[in-house]
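Below you'll find the structure, written out as structure tokens, and then a few comments.
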Amino acid sequence: MAILSIVIAIILILELTLDLSYQIRLVFQIIDFIVWSIFVIDYFTRLYKSKNKKKFFKKNLIDLISIIPLYSIFKVFRALDILKVGRVTRVSEITRVIRLLAIIKRTNNELSEFMKTNNFNYTIGIAIIIVLISATVMSSVENMSLGAALWWSIVTFTTVGYGDVYPISTLGKLTASILMIMGIGFIGSVTSTLSTYFIKKEVRKRKAEMIKKNSKLIQKSLGKSKIIYTDNVIYSKENYKNELIKDIVKRLSKFDDLSKEEINTMCKVLLSLK
């Protein structure tokens with residue numbers, strides 16, 4: 001969804017700022033249709049899976065608006081001379097802006113969480129600074145334009161190394177060496193951040209499942225027996241209750257790492273104990 005948001009944003013900016021040929025506009029329309037189709041499938045899949053349809057509808061109203069084929073509707077209006085061509089174009093642009101907003105809304109929390117993993121937001125900031133400084137140095141010592149130097153800096157940092165531009169001076173070679181080493185480190189940071197992010201999600205998911213399991217066990221056991229048997233250990237009611245409360249307190253000490261689902265489940269557990 002994050003990739004789709006970038007694609008739609010680029011297409012929208014190009015169409016609004018450049019005088020594009022018919023062939024390019026046709027390609028953009030096909031891409032726009034594919035993205036719209038993905039939105040439709042995604043929306044109705046989530047609607048089908050949701051337990052509370054009314055709540056889902058209210059919570060994802062902007063997603064629904066973004067998949068309504070307004071452009072096609074207004075093309076019919078144009079054919080009937082109800083709206084002018086310019087208005088149809090503006091409406092089609094608005095619908096894509098709404099779709100872009102819907103994607104950003106969906107990806108904002110996930111993207112924010114990913115950027116904070118392993119302090120990756122600082123890594124990206126440092127990487128951008130290094131690339132810009134290297135480009136400035138190359139532009140000065142190698143007598144090339146800033147645009148060409150920036151291209152070289154990005155290519156070198158990402159370890160692609162086309163070889164179309166290369167340093168000749170000692171300072172330029174030293175800058176290139178530092179940039180290449182930092183680029184390798186950055187790629188390693190990206191892969192480790194991705195791994196950590198998905199592992200953390202899986203761990204949180206398993207923790208939530210365990211809490212739910214305990215919640216169901218409490219609801220079945222409390223009020224029926226003085227002894228509770230779980231995870232191959234026998235507890236008295238009071239001890240079991242104390243152990244669960246201690247576990248919840250321990251989890252709450254890392255509050256920022258908890259998902260909403262885990263917090264909701266904890267609330268259910270506490271209500272069950274009460």
Side-chain angles (χ1 to χ4, degrees), residues 1-5 38-39 41-64 101-124 189-225 227-274:
M1 300 304 281
I3 292 169
L4 290 179
S5 67
I38 293 169
F39 258 72
I41 294 166
D42 173 71
Y43 179 84
F44 284 106
T45 302
R46 289 186 293 125
L47 177 64
Y48 174 76
K49 287 184 175 182
S50 66
K51 294 178 182 178
N52 190 330
K53 304 288 193 265
K54 188 175 180 182
K55 186 179 178 181
F56 177 87
F57 177 78
K58 288 180 179 178
K59 191 178 178 181
N60 298 276
L61 190 59
I62 192 168
D63 292 46
L64 177 63
L101 289 173
I103 299 175
I104 292 170
K105 181 181 75 69
R106 284 277 309 284
T107 56
N108 185 44
N109 292 335
E110 291 286 337
L111 187 61
S112 176
E113 185 183 343
F114 173 73
M115 292 299 288
K116 289 176 182 176
T117 304
N118 293 349
N119 292 321
F120 189 62
N121 48 347
Y122 295 111
T123 305
I124 286 183
S189 176
V190 171
T191 53
S192 66
T193 301
L194 281 167
S195 302
T196 305
Y197 173 72
F198 287 112
I199 289 168
K200 278 186 175 180
K201 285 193 77 172
E202 185 62 27
V203 168
R204 281 201 302 268
K205 184 182 176 183
R206 289 182 181 180
K207 282 182 179 178
E209 287 172 355
M210 284 299 295
I211 296 170
K212 280 183 180 180
K213 183 182 175 182
N214 284 337
S215 175
K216 289 177 182 178
L217 184 64
I218 294 164
Q219 291 169 358
K220 287 179 182 179
S221 300
L222 292 178
K224 291 183 180 180
S225 171
I227 299 296
I228 298 172
Y229 180 80
T230 178
D231 296 329
N232 298 321
V233 180
I234 297 174
Y235 297 97
S236 69
K237 272 188 187 179
E238 195 62 31
N239 287 342
Y240 187 58
K241 181 175 76 173
N242 291 337
E243 285 297 321
L244 280 172
I245 292 171
K246 282 180 186 177
D247 182 61
I248 288 172
V249 171
K250 185 179 177 182
R251 292 175 191 275
L252 287 172
S253 65
K254 297 179 180 178
F255 185 78
D256 291 337
D257 295 331
L258 293 172
S259 64
K260 288 182 180 179
E261 186 182 3
E262 285 178 289
I263 293 169
N264 287 332
T265 309
M266 284 180 188
C267 291
K268 289 177 183 177
V269 170
L270 290 171
L271 286 170
S272 300
L273 289 172
K274 193 66 177 176

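When reading the values below, keep in mind they use all heavy atoms of this one structure, side chains included, and skip hydrogens, waters and symmetry mates. In this chain, numbering begins with 1 at the start of the sequence shown. This one's a predicted model, so the numbers in the text were calculated from it and none came from an experiment.
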Can you tell me how far CG of Asn264 sits from CD of Glu262, rounded to the nearest 0.5 angstrom?
10.5 Å
Quick one: list whatever passes side chain to side chain contact (heavy atoms under 4.5 Å, CB included) with Asp256, sequence neighbours left out.
none
Take atom NZ in Lys53; do more than 12 heavy atoms of anything else shown fall under 6.0 Å from it?
yes
Mind checking side chain to side chain contact (heavy atoms under 4.5 Å, CB included) for Phe57 and listing every partner two or more places apart, or none if nothing turns up?
Tyr43, Leu61, Leu64
In chain order, what residues pass the side chain to side chain contact (heavy atoms under 4.5 Å, CB included) check against Leu194, with sequence neighbours excluded?
Phe114, Val190, Phe198
Hey, could you give me the CD1/CZ distance between Ile248 and Arg251, rounded to the nearest 0.5 Å?
8.0 Å
Tell me every residue that passes side chain to side chain donor-acceptor pair (under 3.5 Å) with Thr196, counting only those two or more places apart in sequence or in another chain.
Asn118
Counterpart residues, side chain to side chain contact (heavy atoms under 4.5 Å, CB included), relative to Lys54 (two or more places apart)
Asn52, Lys58
Determine the minimum heavy-atom distance between Thr117 and Thr193, stating which atoms define it.
O-CG2, 3.6 Å
Distance from Leu252 atom CG to Asp247 atom CG, nearest 0.5 Å?
9.5 Å
